[in-house]
J.: 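Attaching a single structure in structure tokens format; questions to follow.
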Amino acid sequence: MPELPEVETIQKGLLQIFESINTPIGNVHRSSQSLRFPWPRNFCKEISGQRIVNIYRRAKYLVFETSGQDFICHLGMTGNWRLDENRAITKRPHDHLFIELGHKKVLIYNDVRRFGFFDFVDAGHLELSRWFSHLGPEPLDSETFHAEYLFVNSRKKQTSVKSFIMDQRLVVGIGNIYASEVLFRSGLRPTGKAGRLSRESCQNLVRAIREVLSEAMAQGGTTIKDFRAAGGSKGYFQQKLMVYGRDEQECRVCGSGIRKKRIAGRSTFWCGRCQNR
DNA sequence: ATTTTCTCCTGCATGC
DNA sequence: TGCATGCAGGAGAAAA
């Protein structure tokens with residue numbers, strides 16, 4: 001489900017919940033089903049009783065820094081968190097993890113498709129973890145992610161520009177929705193070869209990535225199907241989508257028809273007139 | 001080595 | 001109504 005803006009929205013919501021409740025993790029239970037991978041050994045027992053020191057985002061991962069064992073949560077396609085004030089009434093299908101927080105409050109991880117997962121990590125040395133060692137820079141960090149970086153790393157790449165920017169080894173956080181949106185804003189065809197990007201196009205790409213992700217975060221993410229912030233609120237960026245899911249509709253800028261095509265197995269949307277480079 | 005396709009899973013829309 | 005098919009926001013493994 002979630003790309004960078006959605007994960008960031010959930011991270012902010014979770015942090016707010018822990019700060020407002022301000023109590024150590026109570027009892028923890030999980031479903032008997034595995035998620036994408038089997039649950040870490042003694043997962044519930046290990047995190048029970050720990051105090052949350054911080055929750056932050058790296059790429060599309062949530063990192064929970066605790067007084068004991070640090071852990072991560074990847075949301076896969078359909079992972080989501082919600083806070084239940086009265087668990088007995090609101091248990092839902094596909095609930096997989098229950099974290100009790102004080103009086104009758106339960107933080108619940110729900111994941112319909114079970115592509116998400118949890119694992120223990122050392123938050124102080126994330127880059128050593130198998131989940132983080134290959135990840136590229138954060139798109140909003142101008143020190144490490146900039147036009148020249150894109151230009152240099154795109155040389156001789158035969159893959160499409162769209163697949164290129166979705167490669168988490170290059171830059172993290174861009175998934176299938178925002179890839180189309182970013183390319184619309186930068187005026188680039190998604191099918192173009194990455195290796196042919198000019199310096200100017202790289203500059204436009206970097207700017208578009210920063211703008212689109214920032215604006216989406218400000219809107220609380222994109223709610224296409226069922227995304228909700230941890231507090232339960234919807235995202236509103238879907239109202240600003242220019243191309244994603246708009247095939248057969250008119251371009252909001254020039255009025256020509258939005259096209260749709262599968263690139264590397266993923267649906268891709270663009271305007272043939274506005275995106276001509 | 002690089003790039004695309006397959007795979008994991010469930011739910012929903014579509015078409016016959 | 002039932003059943004088959006395809007598709008959905010991720011990403012590692014396998015295949016090409």
Side-chain angles (χ1 to χ4, degrees), chain A residues 1-11 31-39 57-62 72-81 92-96 109-119 129-136 139 153-183 190-196 209 212-213 216-217 219-229 234-248 260-269:
Chain A
M1 165 192 354
E3 305 180 38
L4 186 147
E6 290 75 39
V7 180
E8 182 95 3
T9 299
I10 290 169
Q11 174 264 325
S31 71
S32 55
Q33 286 182 300
S34 283
L35 301 181
R36 180 171 175 186
F37 306 107
W39 289 87
R57 178 195 59 75
R58 165 71 173 122
K60 298 174 189 171
Y61 292 85
L62 296 165
I72 55 168
C73 169
H74 192 289
L75 302 161
M77 292 277 254
T78 52
N80 209 349
W81 290 87
R92 301 175 192 175
H94 311 296
D95 283 345
H96 289 287
Y109 175 77
N110 184 284
D111 193 342
V112 173
R113 292 170 73 180
R114 291 191 274 126
F115 289 171
F117 66 93
F118 290 80
D119 196 12
S129 156
R130 58 177 290 208
W131 307 115
F132 295 80
S133 60
H134 64 283
L135 293 178
N153 287 96
S154 60
R155 294 311 84 187
K156 298 184 179 171
K157 286 273 191 292
Q158 295 299 304
T159 191
S160 66
V161 175
K162 194 219 179 193
S163 295
F164 179 63
I165 63 171
M166 286 179 68
D167 187 340
Q168 305 295 298
R169 295 170 300 183
L170 177 84
V171 59
V172 302
I174 303 169
N176 202 42
I177 292 181
Y178 294 111
S180 285
E181 294 301 308
V182 158
L183 291 169
T191 49
K193 285 198 190 315
R196 294 210 122 88
I209 288 169
V212 168
L213 295 181
M217 274 189 273
Q219 297 287 320
T222 301
T223 299
I224 293 291
K225 282 194 165 68
D226 53 5
F227 166 75
R228 290 288 188 285
K234 291 172 68 170
Y236 289 96
F237 193 73
Q238 69 276 9
Q239 295 168 9
K240 305 211 168 176
L241 294 177
M242 300 298 279
V243 289
Y244 184 85
R246 299 194 67 248
D247 52 312
E248 308 292 301
K260 176 182 182 179
K261 179 190 178 186
R262 289 183 90 72
I263 295 180
R266 312 298 300 278
S267 290
T268 307
F269 304 84

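Throughout, a chain's letter reflects where its sequence line sits, starting with A, and its residues are numbered from 1.
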J.: What's the CD1-C1' distance between I177(A) and dG10(C), to the nearest Å?
T.: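 Atom-to-atom, I177(A) to dG10(C), this comes out as 12 Å.
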
J.: Expressed in angstrom and rounded to an integer, what is the separation of N176(A) atom CG from dT4(B) atom P?
T.: 14 Å

J.: K157(A) side chain: which of dG10(C), dT5(B), dT3(B) is closest?
T.: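 When the side chain of K157(A) is considered, dT3(B) is the closest of dG10(C), dT5(B), dT3(B).
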
J.: In whole angstroms, how far is the P atom of dC7(C) from the CZ atom of F269(A)?
T.: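 Distance check: F269(A) CZ to dC7(C) P gives 11 Å.
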
J.: In whole angstrom, give me the gap between the P atoms of dT3(B) and dG9(C).
T.: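 Roughly 22 Å separates the two P atoms.
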
J.: Please confirm whether the ring centroid of F118(A) lies under 6.0 Å from the ring centroid of Y109(A).
T.: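 So the answer is yes for these two rings.
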
J.: Any strand counts, and the cut-off is 3.5 Å on both contacts for Watson-Crick or G-U wobble. Which nucleotide pairs with dC12(B)?
T.: dG6(C)

J.: Scan Y178(A), Y236(A), Y244(A) and name whichever one has a side chain to side chain donor-acceptor pair (under 3.5 Å) with T222(A).
T.: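 Single pass found, and it is Y178(A).
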
J.: Can you list everything that forms a side chain to side chain donor-acceptor pair (under 3.5 Å) with H96(A)? Sequence neighbours excluded, please.
T.: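 Checked H96(A) against side chain to side chain donor-acceptor pair (under 3.5 Å); matches are S31(A).
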
J.: Given dG9(C), dT3(B), dT10(B), which nucleotide is nearest the side-chain atoms of Q33(A)?
T.: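 Nucleotide nearest to Q33(A)'s side chain: dT10(B).
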
J.: By nearest atom, which of the nucleotides dT3(B), dT5(B), dG9(C) is closest to the E3(A) side chain?
T.: dG9(C)

J.: To the nearest Å, give me how far apart CG (D119(A)) and C1' (dA11(C)) are.
T.: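 Nearest whole value for this atom pair: 15 Å.
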
J.: Looking at the side chain of H134(A), which of dA11(C), dA8(C), dG12(C) is the nearest nucleotide?
T.: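 Among dA11(C), dA8(C), dG12(C), the one nearest the side chain of H134(A) is dG12(C).
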
J.: Is R114(A) side chain donor-acceptor paired with the dC9(B) base, going by distance under 3.5 Å alone?
T.: no

J.: Among dA8(C), dT4(B), dT10(B), which nucleotide has an atom closest to any side-chain atom of S267(A)?
T.: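 Side chain of S267(A) sits closest to dA8(C).
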
J.: Classify R130(A) by what it touches in the nucleic acid, base, sugar-phosphate, or nothing, heavy-atom distance under 4.0 Å.
T.: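 It contacts nothing in the nucleic acid.
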
J.: Please determine if a side-chain N or O atom of T159(A) lies less than 4.0 Å away from the OP1 or OP2 oxygen of dT4(B).
T.: yes

J.: Could you give the distance separating dC9(B) and dA14(C) at their P atoms, to the nearest angstrom?
T.: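 To the nearest whole Å, 15 Å.
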
J.: Whom does dT3(B) pair with, Watson-Crick or G-U wobble, provided both distances fall under 3.5 Å?
T.: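 The base-pairing partner of dT3(B), which may sit in any strand shown, is dA15(C).
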
J.: For N80(A) and dC9(B), give me the distance from atom CG to atom P, rounded to whole Å.
T.: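 Taking CG of N80(A) and P of dC9(B), I get 21 Å after rounding.
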
J.: Could you give the CD-to-C1' distance, from E248(A) to dT14(B), as a whole number of Å?
T.: 15 Å

J.: Given dG11(B), dA8(C), dA11(C), identify the nucleotide with an atom nearest to the side chain of V112(A).
T.: dG11(B)

J.: Can you find a side-chain donor-acceptor pair between Q11(A) and Y61(A) that sits under 3.5 Å?
T.: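 Per modelled atom types, Q11(A) and Y61(A) side chains form no pair under 3.5 Å.
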
J.: Given dG9(C), is OP1 or OP2 found less than 4.0 Å from the side-chain N or O atoms of Y178(A)?
T.: no

J.: Of the options dT10(B), dT4(B), dT3(B), whose atoms approach the side-chain atoms of S163(A) most closely?
T.: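 The answer is dT4(B), which lies nearest to the side chain.
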
J.: Using whole Å, report how far CG of L35(A) lies from C1' of dC8(B).
T.: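 Atom CG in L35(A) sits about 12 Å away from atom C1' in dC8(B).
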
J.: Rounded to the Å, how far apart are R266(A) CZ and dT7(B) P?
T.: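 After rounding, the reported distance stands at 16 Å.
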
J.: Hey, does the side chain of R155(A) reach the backbone of G195(A) with a donor-acceptor pair shorter than 3.5 angstrom?
T.: yes

J.: When you measure from the side-chain N and O atoms of H94(A) to the phosphate of dG11(B), is any distance below 4.0 Å, counting only OP1 and OP2?
T.: yes

J.: Using the P atom as the point on both nucleotides, what is the distance between dT7(B) and dT5(C), in whole Å?
T.: 15 Å

J.: Nearest to the R262(A) side chain among dT4(B), dA8(C), dA11(C), which nucleotide is it?
T.: dA8(C)

J.: According to the 5.5 Å centroid and 30° plane-angle thresholds, does F115(A) stack upon the nucleobase of dC9(B)?
T.: no

J.: Is the ring centre of F37(A) less than 6.0 Å from the ring centre of W131(A)?
T.: yes

J.: Verify the contact: side-chain N or O of H74(A) to OP1 or OP2 of dG10(C), cut-off strictly under 4.0 Å; return yes or no.
T.: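 For H74(A), the contact criterion (side-chain N or O under 4.0 Å from OP1 or OP2 of dG10(C)) is not met.
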
J.: Scan side-chain atoms only and decide if K261(A) and T268(A) contain a donor-acceptor pair under the 3.5 Å cut-off.
T.: no

